Amino acid sequence: MISICIDQLSKSFGGKKVLNKISLKVSEGELFGLLGPSGAGKTTLIKILTGQLSYSGSAHILGKSCDRLERSIYANIGIVTDNSGVYERLSCYDNLRLFASLHGVKKEIIPAILARVGLDNKRVRAGKLSKGMRQRLILARALLHNPKILFLDEPTSGLDPATANDIHSLLLDLKAAGTTIFLTTHNMHEAHKLCDHVALLCDGEIVEYGVPDELCRKYNDKNTITILGKDGQSVCFYNTPEYAAAIADYFSMDNVAAIHSSEPNLETVFMKLTGKELDR
């Protein structure tokens, strides 16, 4: 089943085209990544898919057109964006209690949701949370009503590695439970780790789409294998049948400390296709 379907979607602001004939599909239960630098059009696409912006072309979520989303659709989506706010004078618990009442969710589930994102001290005021803890609270709010689709716009931007890794683990758990996740990021390592499929977006156009590992293999122009011997010496072979015996010799002599292929990472693939670097 398809959760998100976009066909020839375009969007302009003041005569400047921000998205240009975007087409893609996201399956139910998939963790999909839209990758690109700031200004590529990632946030604009999320706003369109959640009914916040008009557009030309076709866009549907859960079978409904995004230009006239029904209330029932909003009950099935959760959103985390870079401008998602919290009520700083309220505690974590009271922040969620407020949104639970809006969603018609029983407040009894709030402690379990807070524990799920690692916010066990539910009485601390939101204004005293660190950036990482605040992001966890925003994510908890998005999960409160158990949405079918979760939209995440740069959810780990600026977070320390440990906090980002905790959020990654939570996203993988949500995916395993059947939640469809639409993730935007400029962090290619994050995308490779998490996503089933990715689309590379540059200047409003999708320049490549596919499974992360398959994309890296597709653009492996060198096609080499480098072996680091236990003697500290390294040797590079072409990854072709005629070098199979030479590579096997290193293993038979127990002289392999490490082995590396020449496959590029997603960031290198993006730069190769666009000539542009990603944000740091």
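Keep in mind that the numbers below use all heavy atoms, side chains included, and drop hydrogens, waters and symmetry copies. Along the sequence shown, residues carry numbers from 1. Here the structure is a predicted model, which is why all the values come from computation and not from measurement.
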Show me the donor-acceptor pairs within less than 3.5 Å that the side chains of residues 123-132 make with the rest of the protein, sequence neighbours left out.
{"residue": "Ser130", "atom": "OG", "partner": "Met133", "partner atom": "N", "Å": "3.2"}
{"residue": "Lys131", "atom": "NZ", "partner": "Ser157", "partner atom": "O", "Å": "3.4"}

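The shortest non-hydrogen separation linking Ala258 to His260 is CB-NE2, 3.8 Å. Shortest non-hydrogen contact noted between Ala140 and Val117 is CB-CG2, 3.8 Å. The shortest non-hydrogen separation linking Leu144 to Phe99 is CD2-C, 3.7 Å. Contact detail for Lys17 and Leu19: the closest heavy-atom pair is CG-O, 3.2 Å. Scanning all heavy atoms of the two residues, the minimum distance from Val198 to Ala191 falls at CG1-CB, 4.3 Å. The nearest pair of heavy atoms linking Gly78 to Pro147 is N-CB, 3.5 Å.
Within the 4.5 Å cutoff, no side-chain heavy atoms of Ile259 are placed close to those of Tyr250. By the 4.5 Å heavy-atom criterion applied to side chains, Asn255 and Ile227 are not counted as neighbours. In this structure, Cys195 and Leu183 have side chains that are in contact, with non-hydrogen atoms separated by less than 4.5 Å. Val26 has its side chain out of reach of Ile2: every pair of non-hydrogen atoms, C-beta onward, lies at least 4.5 Å apart. For the pair Phe151/Val80, no side-chain contact is recorded, criterion being any heavy-atom separation below 4.5 Å from C-beta on. The closest side-chain heavy-atom distance from Leu143 to Leu170 is below 4.5 Å. Side-chain contact between Ile77 and Lys148 is absent, with no heavy-atom pair separated by less than 4.5 Å. Contact of the Leu139 side chain with the Leu150 side chain is registered, since non-hydrogen atoms from C-beta on lie closer than 4.5 Å.
In this structure a side-chain-to-backbone donor-acceptor pair under 3.5 Å is missing from Glu208 to Leu273. Of the possible donor and acceptor atoms, one in the side chain of Asn95 sits under 3.5 Å from a partner among the backbone N and O of Tyr87. Proximity of a side-chain donor or acceptor of Thr274 to a complementary backbone N or O of Cys202 within less than 3.5 Å is not detected. Distance alone, capped at 3.5 Å, is enough to place a donor-acceptor pair between the Ser23 side chain and the Gln8 backbone. Under the 3.5 Å distance criterion, the side-chain polar atoms of Thr185 are left unmatched by any main-chain donor or acceptor of Leu35. Ser91 places a side-chain N or O within 3.5 Å of a backbone atom of Asp94 that can act as its donor or acceptor partner. Under a 3.5 Å cut-off, the side chain of Tyr55 and the backbone N or O of Asp67 do form a donor-acceptor pair.
By the 30° and 60° cut-offs, the orientation of the rings of His145 relative to His103 is parallel.
Using a cut-off of 4.0 Å between Lys/Arg side-chain N and Asp/Glu carboxylate O, Lys175 and Asp196 are scored as salt-bridged. The existence of a salt bridge linking Lys42 and Glu154 is confirmed by a sub-4.0 Å separation between a basic side-chain nitrogen and an acidic carboxylate oxygen. One finds a salt bridge joining Glu88 and Arg134 here, because a Lys/Arg side-chain nitrogen approaches an Asp/Glu carboxylate oxygen to under 4.0 Å. In summary, Asp173 and Arg116 do not engage in a salt bridge, as defined by a charged side-chain N under 4.0 Å from a carboxylate O.
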Would you check, one step at a time, whether the test side-chain hydrogen bond (donor to acceptor under 3.5 Å, both in side chains) holds for Asp166 with Thr163? CA-CA 5 Å; Asp166 287 343; Thr163 300; 5.4 Å; no
So Leu137 and Leu119, side-chain contact (heavy atoms from CB on, under 4.5 Å) or not? Walk me through it. CA-CA 7 Å; Leu137 179 57; Leu119 284 175; 3.8 Å; yes
Under the criterion side-chain contact (heavy atoms from CB on, under 4.5 Å), I'd like the reasoning laid out for Cys236 against Ile225: C-alpha separation, chi angles, the key distance, then a yes or no. CA-CA 6 Å; Cys236 185; Ile225 291 175; over 6 Å; no
side-chain contact (heavy atoms from CB on, under 4.5 Å) assessment of Leu9 paired with Leu45: CA-CA 9 Å; Leu9 184 149; Leu45 184 53; 4.2 Å; yes
Are Thr224 and Phe237 close enough, and set up right, to give a side-chain contact (heavy atoms from CB on, under 4.5 Å), and what steps lead you there? CA-CA 6 Å; Thr224 59; Phe237 298 102; over 6 Å; no
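Screening Asn265, Asp213, Asn187 for a side chain to side chain donor-acceptor pair (under 3.5 Å) involving His192 leaves a single residue, Asp213.
With values rounded to the nearest 0.5 angstrom, Ser27 atom OG is found 10.0 Å from Ile4 atom CD1. To the nearest 0.5 Å, the span separating CG on Asn220 from NZ on Lys218 amounts to 13.5 Å. Taking CG of Leu90 as the reference point, atom CZ of Arg97 lies at 8.5 Å (rounded to 0.5 Å). One distance of note links CD of Glu28 with CE of Met1; it measures 5.5 Å at 0.5 Å rounding. Atom-to-atom distance recorded for Asn239:CG and Asn223:CG is 4.5 Å, nearest 0.5 angstrom. Within the model, atoms CG of Asn76 and CG of Asn146 stand 9.0 Å from one another, a figure rounded to the nearest 0.5 Å.
Connection of Tyr74 to Ile48 is established within a shared hydrophobic cluster, with ILVMFWY side chains joined at heavy-atom distances below 4.5 Å, either directly or through further cluster members. Both Leu114 and Ile138 belong to a common hydrophobic cluster when Ile, Leu, Val, Met, Phe, Trp and Tyr are linked at side-chain heavy-atom distances under 4.5 angstrom. No path of Ile, Leu, Val, Met, Phe, Trp and Tyr side chains, each step under 4.5 Å between heavy atoms, connects Leu174 with Ile46, placing them in separate hydrophobic clusters. Both Phe182 and Val18 sit in one connected hydrophobic cluster of ILVMFWY residues. Membership requires side-chain heavy atoms under 4.5 Å apart, directly or through other members. Under the 4.5 Å side-chain contact rule for hydrophobic residues, Phe32 and Val211 do not share a cluster.
For the 3.5 Å distance criterion, the side chains of Glu30 and Ser3 fail to qualify, holding no donor opposite an acceptor. Using modelled atom types, one finds a donor on one side chain and an acceptor on the other under 3.5 Å when comparing Asn20 with Glu205.
With sequence neighbours excluded, the residues satisfying side-chain contact (heavy atoms from CB on, under 4.5 Å) with Ser101 are Leu98.
Both the sub-6.0 Å distance and the 45° axial angle are not jointly satisfied by Lys272 relative to the ring of Phe270.
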